[in-house]
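Remember, predicted model here, so these are calculated numbers, not experimental data. For the single chain, residues carry numbers from 1 onward in sequence order. Values below: all heavy atoms of this structure, side chains included; hydrogens, waters and symmetry mates excluded.
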Amino acid sequence: MIENLVLKRIYEPASEEDGKRILVDRIWPRGISKDKAQLDLWMKEIAPSTELRKEFNHKPERFEEFKEQYIKELQEDDEKRLAIVELLRMIEKEKVTLLFGAKDEVHNQAVVLKEVLERKLEQ
């Protein structure tokens with residue numbers, strides 16, 4: 001585990017220990033103001049495509065297929081690849097908290113993204 005990289009629901013209060021707070025959802029989370037979010041960056045380009053997000057629809061039974069497809073997007077989409085490089089640079093310098101809006105803290109794109117980043121950092 002990389003201690004410079006953590007996940008957090010955006011609905012949890014911001015903390016000094018969060019370091020750089022980065023929202024990794026394509027759509028702004030319901031019911032949270034920009035002030036309350038206290039974001040450093042919103043990387044909507046790294047989120048799954050709209051088509052993939054709608055297909056998954058936060059159904060745990062579809063998570064494995066979603067994960068596979070999202071990893072493929074992260075590897076093949078130029079914009080997403082550049083965003084990963086940018087995130088890796090940040091993580092090497094400081095603590096980064098990836099923020100997400102999903103209620104399910106186990107089956108969401110931020111979990112997949114964190115795994116991908118950790119694998120790349122361990123190489």
Side-chain angles (χ1 to χ4, degrees):
M1 191 182 112
I2 313 294
E3 53 281 332
N4 248 13
L5 178 61
V6 295
L7 295 179
K8 189 173 187 178
R9 283 194 78 221
I10 196 161
Y11 301 101
E12 295 175 42
S15 159
E16 296 259 333
E17 289 114 49
D18 289 344
K20 192 175 274 291
R21 292 172 53 86
I22 302 171
L23 178 61
V24 294
D25 286 352
R26 184 170 300 280
I27 298 171
W28 188 263
R30 282 194 192 129
I32 192 127
S33 69
K34 301 228 187 236
D35 283 345
K36 191 174 182 186
Q38 295 183 33
L39 291 186
D40 292 297
L41 192 58
W42 182 10
M43 293 184 97
K44 53 180 125 178
E45 70 275 10
I46 205 162
S49 64
T50 301
E51 181 183 289
L52 182 56
R53 182 180 51 80
K54 286 180 177 179
E55 229 173 77
F56 171 46
N57 200 24
H58 297 288
K59 294 197 161 105
E61 65 273 14
R62 293 187 183 159
F63 184 69
E64 285 309 313
E65 184 183 338
F66 164 78
K67 179 178 176 177
E68 193 177 297
Q69 291 300 312
Y70 182 39
I71 289 171
K72 187 176 179 189
E73 283 188 1
L74 290 170
Q75 292 168 341
E76 295 177 0
D77 181 280
D78 288 341
E79 199 175 22
K80 287 177 177 35
R81 286 202 325 249
L82 288 172
I84 284 179
V85 169
E86 188 179 344
L87 277 172
L88 291 169
R89 285 188 189 131
M90 286 185 235
I91 295 162
E92 287 172 355
K93 292 180 197 162
E94 62 190 312
K95 185 169 184 182
V96 171
T97 297
L98 302 178
L99 300 166
F100 62 94
K103 288 179 187 162
D104 187 334
E105 295 185 34
V106 176
H107 305 99
N108 67 64
Q109 89 282 357
V111 170
V112 178
L113 179 58
K114 182 175 186 270
E115 281 180 30
V116 167
L117 291 166
E118 285 178 336
R119 254 187 268 129
K120 288 188 175 294
L121 286 164
E122 289 168 353
Q123 288 178 355

Query raised in the report: Going from CG on L52 to CZ on R62, what distance comes out if it is rounded to the nearest 0.5 angstrom?
Result: 11.0 Å
Query raised in the report: Do I27 and R53 touch side chain to side chain, with heavy atoms closer than 4.5 Å?
Result: yes
**Report entry** Any V6 side-chain heavy atom under 4.5 Å of E17 side chain
**Finding:** no
Report task. Give the cluster check for L121 versus M90: same hydrophobic cluster or not, with ILVMFWY residues linked at side-chain heavy-atom distances below 4.5 Å. Result -> yes
Query raised in the report: What distance do F63 atom CZ and E68 atom CD have between them, rounded to the nearest 0.5 Å?
Result: 12.0 Å
Query raised in the report: Just by modelled atom types, is the P13 backbone N or O under 3.5 Å from a matching donor or acceptor in the K8 side chain?
Result: yes
Query raised in the report: Any donor and acceptor pair, going by atom type alone, linking the side chain of D18 with main-chain N or O of R21 inside 3.5 Å?
Result: no
Query raised in the report: Tell me, do H58 and K103 make a side-chain contact under 4.5 Å, heavy atoms counted?
Result: no
**Report entry** Side-chain (N57) to main-chain (K59) donor-acceptor, under 3.5 angstrom
**Finding:** no
Requested in this report: Mind listing the closest non-hydrogen atom pair of L23 and P29 along with its distance?
Outcome: CD2-CD, 3.8 Å
Query raised in the report: Judged by atom type as modelled, is there a donor-acceptor pair below 3.5 Å linking the side chain of K95 to the main-chain atoms of L5?
Result: no
Query - Pairing of E118 and K114 as salt bridge, 4.0 angstrom limit - result: yes
Report task. Is it possible for you to say whether M43 and I71 belong to one hydrophobic cluster, with membership spreading through side-chain heavy-atom contacts below 4.5 Å? Result -> yes
**Report entry** Atom of I32, atom of A37 and distance for their closest heavy-atom approach
**Finding:** CG1-N, 4.2 Å
Query raised in the report: Is there a path of hydrophobic side-chain contacts, each under 4.5 Å between heavy atoms of I, L, V, M, F, W or Y residues, that connects I84 with L41?
Result: yes
Requested in this report: Give a yes or no on whether E51 atom CD has more than 12 heavy-atom contacts from other residues, nucleotides or ligands under 6.0 Å away.
Outcome: no
Query raised in the report: When the ring planes of Y70 and F66 are compared, do they come out parallel, tilted or perpendicular, using 30° and 60° as the limits?
Result: parallel
Query raised in the report: Partners of A110 by side chain to side chain contact (heavy atoms under 4.5 Å, CB included), sequence neighbours excluded?
Result: L7, V24, F100, N108
Requested in this report: Taking the side chain as every heavy atom from C-beta outward, state whether L88 and L117 have any atom pair closer than 4.5 Å.
Outcome: yes
Requested in this report: Taking the side chain as every heavy atom from C-beta outward, state whether N4 and E92 have any atom pair closer than 4.5 Å.
Outcome: no
Query raised in the report: Could you walk me through whether K67 and E115 pass the side chain to side chain contact (heavy atoms under 4.5 Å, CB included) check?
Result: CA-CA 10 Å; K67 179 178 176 177; E115 281 180 30; 2.8 Å; yes
Report summary line: Shortest non-hydrogen pair, W42 vs K34, comes out as CZ3-NZ, 4.1 Å
Requested in this report: Assess the side chains of Q109 and D25: does a donor N or O sit below 3.5 Å from an acceptor N or O?
Outcome: yes
**Report entry** R9 side chain vs E105 backbone, donor-acceptor pair below 3.5 Å
**Finding:** no
Query raised in the report: Got a second to check how far E45's CD is from R81's CZ, nearest 0.5 Å?
Result: 14.0 Å
Query raised in the report: Going from CD on E79 to CD on E73, what distance comes out if it is rounded to the nearest 0.5 angstrom?
Result: 11.5 Å
Query raised in the report: Do I46 and E86 touch side chain to side chain, with heavy atoms closer than 4.5 Å?
Result: no
Query raised in the report: Atom CG in L113, atom CG in L74: separation rounded to 0.5 Å?
Result: 6.0 Å
Report task. Kindly say whether D40 contributes a backbone atom to a donor-acceptor pair with the side chain of K20 at under 3.5 angstrom? Result -> no
Requested in this report: Measure the shortest side-chain to side-chain distance between P60 and V106 over non-hydrogen atoms and say whether it is less than 4.5 angstrom.
Outcome: no
Requested in this report: Rounded to the nearest 0.5 Å, what's the gap from NZ on K120 to CG on L87? Could you check?
Outcome: 11.5 Å
